[in-house]
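Within every chain, numbering begins at 1; the chains are lettered A, B, ... in the order of the sequence lines, protein sequences first and strands thereafter. Heavy atoms only: backbone and side chains are in, while hydrogens, waters and symmetry mates are out.
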Amino acid sequence: MASTARRDVPEPPDFGILKRLARDQLIYLLEQLPGRKDLFIEADLMSPLDRIANVSILKHEVDKLYKVESRPALSTSDQLCFLVRPRVKTMKYIADIVNADKMSGRSRKYKIIFSPQKFYACEMVLEEEGVFGDVTCDEWSFYLLPLDEDIISMELPEFFRDYFLEGDHRWINSVARALQLLNSLYGPFSRAYGIGRCAKMCYELWRELEEESEGDSQGRKPEIGNIFLMDRDTDYVTALCSQMVYEGLVDDTFRIKCGSVDFGPEVTSSDKSIKVLLNAQDKVFSQIRNEHFSSVFGFLSQKSRNLQAQYDRRRGMDIKQMKNFVSQELKGLKQEHRLLSLHIGACESIMKKKTKQDFQEMIKAEHSLLEGFDIRESTSFIEEHIDRQVSPIESLRLMCLLSITENGLNPKDYRSLKTQYLQSYGPEHLLTFHNLKRIGLLTEQAAGETLTAVENRVSKLVTDRAAGKITDAFNSLARKSNFRAISKKLGLIPRLDGEYDLKMPRDMAYVFSGAYTPLSCKIIEQVLERRGWQGLEEVLRLLNGTEFSEAGAAEASPGRDSQRTVLAVFLGGCTCSEMAALRFLGRERGCRFIFLTTAVTSSGRLMEAMAETRA
Amino acid sequence: MEWGLREELRDCLVAAAPYGGPIALLRNCARREKSPGARPLLDTFSASGLLLASIPWKSGQVVQLGWTASEDLLCIQEDGTVLIYNLFCEFKRHFSMGNEVLQNHVLEAKVFHTEYGTGVAILTGAHRFSLATNIDDLKLRRMPEVPGLQKPPSCWAVLSQDRVTIVLLAVGQDLYLLDNTSCSVVTPPGMSPSAGAYLQMAVSFNYRCLALFTDTGYIWMGLATLKEKLCEFNSSIRSPPKQMVWCMRPRSRQRAVVMAWDRQLMVVGNSTECIQFVLDEDSYLVPELDGVRILSRTSHEFLHEIPEASQEIFKIASMAPGALLLEAQKEYEKESQKADEYLREIKDQKLLPEAVSQCIEAAGYEHEPETQKSLLRAASFGKCFIDKFPPESFVRMCQDLRVLNAIRDYQIGIPLTFTQYKRLTIEVLLDRLVLRRLYPLAIRICEYLRLSEIQGVSRILAHWACYKVQQKDKSDEEVAYAINQKLGDTPGISYSEIAARAYDCGRPELAIKLLEYEPRSGEQVPLLLKMKRSKLALSKAIESGDTDLVYTVVLHLKNELNRGTFFMTLQNQPVALSLYRQFCKHQERETLKDLYNQDDNHQELGNFHVHSSYSEKRIEGRVGALQNAVDEYYKAKNEFAAKATEDQIKLLRLQRHLQEDFDKPYLDLSLHDTVSTLILDGHHKKAEQLYRDFKIPDKRWVREGSSGCTGVPASRGAQ
């Protein structure tokens, strides 16, 4: 793949400072409660915390660590510190502890540290539970976790459901603050593009914050010049497709959590699991993460041969050379060897699963959905998928893909698929279907086109700021996806002349076996190329999006590295495939993409976020 | 003096604020006989005698006037009520000195300033003292009784020592010290035994020194701690002086006491001689940090010790470096070669830097711009002959003098000395200008001194705007426009604060207009809420993008409006509605139901019931909740959901029977799983019944059969 790559891709900025900032602030906050204390940590803050601070840093102030969970705490310390997300549920948990202590006449100090910020609603709950006066609150502005040299995650998976389903705008402020932080460290960003209402709101709020703070960004050398904000609902299709690049497959199969993955016994071929950090530092992984799965095996076997050859060099070495080899190279080789065997194990495991599920057939069905033929056949495939109870999440995903590519299901299919699904997987999914309808992922075809026309006109009117915030009113109107028309307009389905060479890809479509160019990435490509939205009016109309493009004061010369560094912000999550596609684009165009996402997502995570089953 | 008083000063109650502050006069009050129609007049003047305001006094008998540190006028009434007015005689507030004072009346009162603020001390008709050390944080203190006190003390004073406020009083030949808990007799050291009874006492500006005057004309001067005598003097005047005040400079060893009788002014100090002046008319002494101001009907003078720098320069035949430098510069201007001689003389002594500093310092003490100029010119001349003389002190002095001259102008009338100005600081001076509504001058000074906008200009503009909104004669539009014209978007200006002031003045419309100029919509919200414009507040909160603010407003609305109106308001604001819904989902599920009910949102109500069924433990409860959901779904015309939920009820009931019949867990299996379990367990009849009841598609039924059990006749039969 390296053959077409340009050599002048800028290096990514050093995001280590983000970790240091967060760590230092946390230590400072903990020191604000002097003396020995027990620390309660919200479960989903554990992994991010792990990435920025090791336990020993926390230990010097903290006696015991607990997880915030439904069980009551058994702490004996006189000072309790809670490190939590601003959630109502957690507030109740804390209030229960405080109230229990009050009942038993015990007095302790309580401190709540909210990450990334405190919400008034939380204080309201504390007040209603009658413990507001007993606790002190603080904010740990840990907005950004650098997962890799080019991935920054806000680790807010709930963003997707909160904003797109519930119309809850509270995280917008967090995104704006995160942008402000990045802008102050790596900016000023000279050009901003975006699509989607949320993107626009985040952008505007960020601009307001900038104006209020009046920080002098002048004179600093920007490291990131462009920023592109995109709402997840601009492109659901890409997120719903089966991932084919290695990193995506690992994520789909084993779930990458906060940049690391637990390889179970079936991968490690021993009886214990191994936790592996997946990032650019992993020499093996960094070379295969963006590859199409079909070429990964070949690469790995080549790699193992190379490794063997390097090992073999020891034969015929004299003592001195041998000493050199052992002291310098052996360790690296061993490390590489270990990783190689792990990734080979992972590949085998993926292969096993994929063949078991008639993976090929599913991919074929997906491709026909994307291309828009043999819809009947694909529908039957989905029916069978449901009947055979392959996986509730997978079935749901296929249904959504069908709906969104076809602009909604026809009424008959809509009913029958849902009925079959409920019968097969259980009736509690009824509410899930309601959610999917609200968010526009699984809808019924509208009777006529008239509604769409009105909708279009209204949403054109609703581009100004105040009105733009009535998003939610339109959420229920279930936006039309217009996927087919957009796909045609942007040429998302590559015309095939002969076999698509997945080892030497020509375009971003390789991430989906050459069958489909991810829409989100295509939009970014087009806009960056045109330096704006000009010429994309028709696509925009079909996308129903609120687009914007603004140039900052400092328009630097395009040759500068910062001008070729683009911060791609995905509001609602970004998939590994999209990252792979954009990395490919970057290598082709000689620019560097930095990903800022509310969380790394996948089709499975999106579907799970919509589920409304019993807890 | 500009004031053109007709009355004699002795007929008026007078109070003048220190630091060149304003003067208050209460006229006609001395005439105790009630002449109808002649109400007392309360006037305030600037120190130059320009009338600031005048009001007829309508309240009770005033015993004492006084000024607070922030230049508010205190009027202490006989009944112990203290009324507070501002500089322009606008009533601000009042407080009472307590019941005891109310009953026994105020005999005498004193206003004093300590590090805690402005205090009031009262001597009541029962010869008891009551103190309040800070009128802004009123804590009344009743001092202990003085044993055997039958008549009012001949004189008394308030002292402040080690941050404790105490009262010193004299009864005949005895001195008593009253602190919080006790009363003790004290004797000043070195007091001549034949001195006689005390008639008058004076405490210095800084509470360090004390002077006592006895009926033999003897004056004792010493430290206020009564531990050390500084000096004494015998004036041989037996009548008590009308006023006795200290006149001294900070850090100077020359301390003196100034006493005023009707037509005589006497200055005594550490010397056998005294200085006497004749007073042409009634005068009033105002003690200052570095001297004494002497007010009369026609003049306003300042008596002070000549500072050392000025003495050195202007003393006759002085050979001090400063004097020589001044002389040299004068000669230089006359183009005389003597200039060089003088200069050489200073340079030979290597005293040129000192000479320059002396001239600069002396310039500060001069009030005449001409003298200031000549001294500064001399300094600047001398500076040229010194390598690297740091220019800051010179520049600073020029700036300070420019400011001082501007405010000393009689139109402004703040006769501050340089020492006072430095003590007061520029910030306080600006505050005082703002208090006098001299906004343009204040802004000019800020600009001249290049003070930061937030600290200087914007603060003053904000004050101006707050004053502007009180002008009732102008229309809301005019005022709002005028304010916006002048303020524009100066950094540091908070339109919401000005709007808040407008609202306090009873101009809500103007407040709303002003809020429109506030760029940060978040800032507008609290005031809008206070003004009960909740709906506007809600939309502003939403506009700000700050969800916390939206919550604040929502919660406020919830308490303010009745439930119906509250919900209606939310319905029109989707953003607020979804936020509130999110909150209810976790915290008040019942409210959620009401919310949907209000809106006739049957679909959501159905969902709500389904959700509640999750938390029901018993089958009956679950079925009940689901049945409610079915009803709502039908109302919502969502037949699919209704049907699906009915099926779920059916399945639940059936599963319970199966569970009882076969003693195996069937509950919560999907239909599919139920059927396959039945087939696996060999209950084909039952399975078939389910197939019919639930209209399972044939295709599925086939697979069911084949996956459930090999070659099951039931499945074949079903085909």
- Query: Looking at Lys92(A), Gln117(A), Lys89(A), which one has more heavy-atom pairs under 4.5 Å with chain B than the rest?
  - Reply: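 Option with the greatest count: Lys92(A).
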- Heavy-atom pair with the smallest gap, counting every atom of Gly426(A) and Ser670(B):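 Of all heavy-atom pairs spanning Gly426(A) and Ser670(B), the closest is N-CB, 3.2 Å.
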Student check: side-chain heavy atoms of [X] and [Y] closer than 4.5 Å:
| X | Y | answer |
| --- | --- | --- |
| His434(A) | Glu604(B) | yes |
| Tyr614(B) | Leu431(A) | yes |
| Phe119(A) | Leu579(B) | no |
| Phe640(B) | Leu430(A) | yes |

- Mind checking the CZ-OG spacing from Arg170(A) to Ser578(B)? Nearest 0.5 Å is all I need.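 It is 11.0 Å, given to the nearest 0.5 Å.
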- Query: Just how far is it from atom CG of Asp387(A) to atom NE2 of His672(B), taken to the nearest 0.5 Å?
  - Reply: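 Interatomic distance, Asp387(A) CG to His672(B) NE2, rounded to 0.5 Å: 7.0 Å.
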Neighbour count >12 (heavy atoms, 6.0 Å) for atom [atom1], [X]:
| X | atom1 | answer |
| --- | --- | --- |
| Lys118(A) | NZ | yes |
| Arg653(B) | CZ | no |
| Glu616(B) | CD | yes |

- Message: Which residues in residues 548-555 of chain B have any heavy atom closer than 4.5 Å to a heavy atom of chain A?
- Response: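 If one takes a 4.5 Å heavy-atom cut-off, the residues of residues 548-555 of chain B near chain A are Asp548(B), Tyr551(B), Thr552(B), Leu555(B).
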Side chain from CB out, backbone as N, CA, C, O: work out which of these in [X] comes under 4.5 Å of a heavy atom of chain A, or both, or neither.
| X | answer |
| --- | --- |
| Lys585(B) | side chain |
| Tyr633(B) | side chain |
| Gln603(B) | side chain |

- Applying salt bridge (charged side-chain N to carboxylate O under 4.0 Å, His left out), name anything that partners Arg207(A), two or more places apart in sequence or on another chain.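 Result, salt bridge (charged side-chain N to carboxylate O under 4.0 Å, His left out) vs Arg207(A): none returned.
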- Message: Quiz question: by atom type and distance under 3.5 Å, do the side chains of Asp647(B) and Gln423(A) form a donor-acceptor pair?
- Response: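 No.
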- Message: So does His169(A) get a backbone contact from the side chain of Thr547(B), meaning a donor-acceptor N/O pair under 3.5 Å?
- Response: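 Flag not set: sc Thr547(B) to bb His169(A) has no pair under 3.5 Å.
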- Message: Tell me every residue that passes side-chain contact (heavy atoms from CB on, under 4.5 Å) with Thr569(B), counting only those two or more places apart in sequence or in another chain.
- Response: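 Once residues adjacent in sequence are excluded, the partners of Thr569(B) under the side-chain contact (heavy atoms from CB on, under 4.5 Å) criterion are Lys535(B), Leu538(B), Leu557(B), Leu561(B).
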- What are the residues of residues 410-418 of chain A, in order of number, with any heavy atom under 4.5 angstrom from a heavy atom of chain B?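 Those residues of residues 410-418 of chain A which have a heavy atom under 4.5 Å from chain B are Arg415(A), Lys418(A).
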- For Glu612(A) and His611(B), run side-chain contact (heavy atoms from CB on, under 4.5 Å): C-alpha distance rounded to whole Å, both residues' side-chain angles, the deciding distance at 0.1 Å, then the answer. CA-CA 8 Å; Glu612(A) 189 87 46; His611(B) 224 285; 2.8 Å; yes
- Proximity breakdown for Glu123(A) and chain B, heavy-atom pairs closer than 4.5 Å: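 It is neither, since no heavy atom gets under 4.5 Å.
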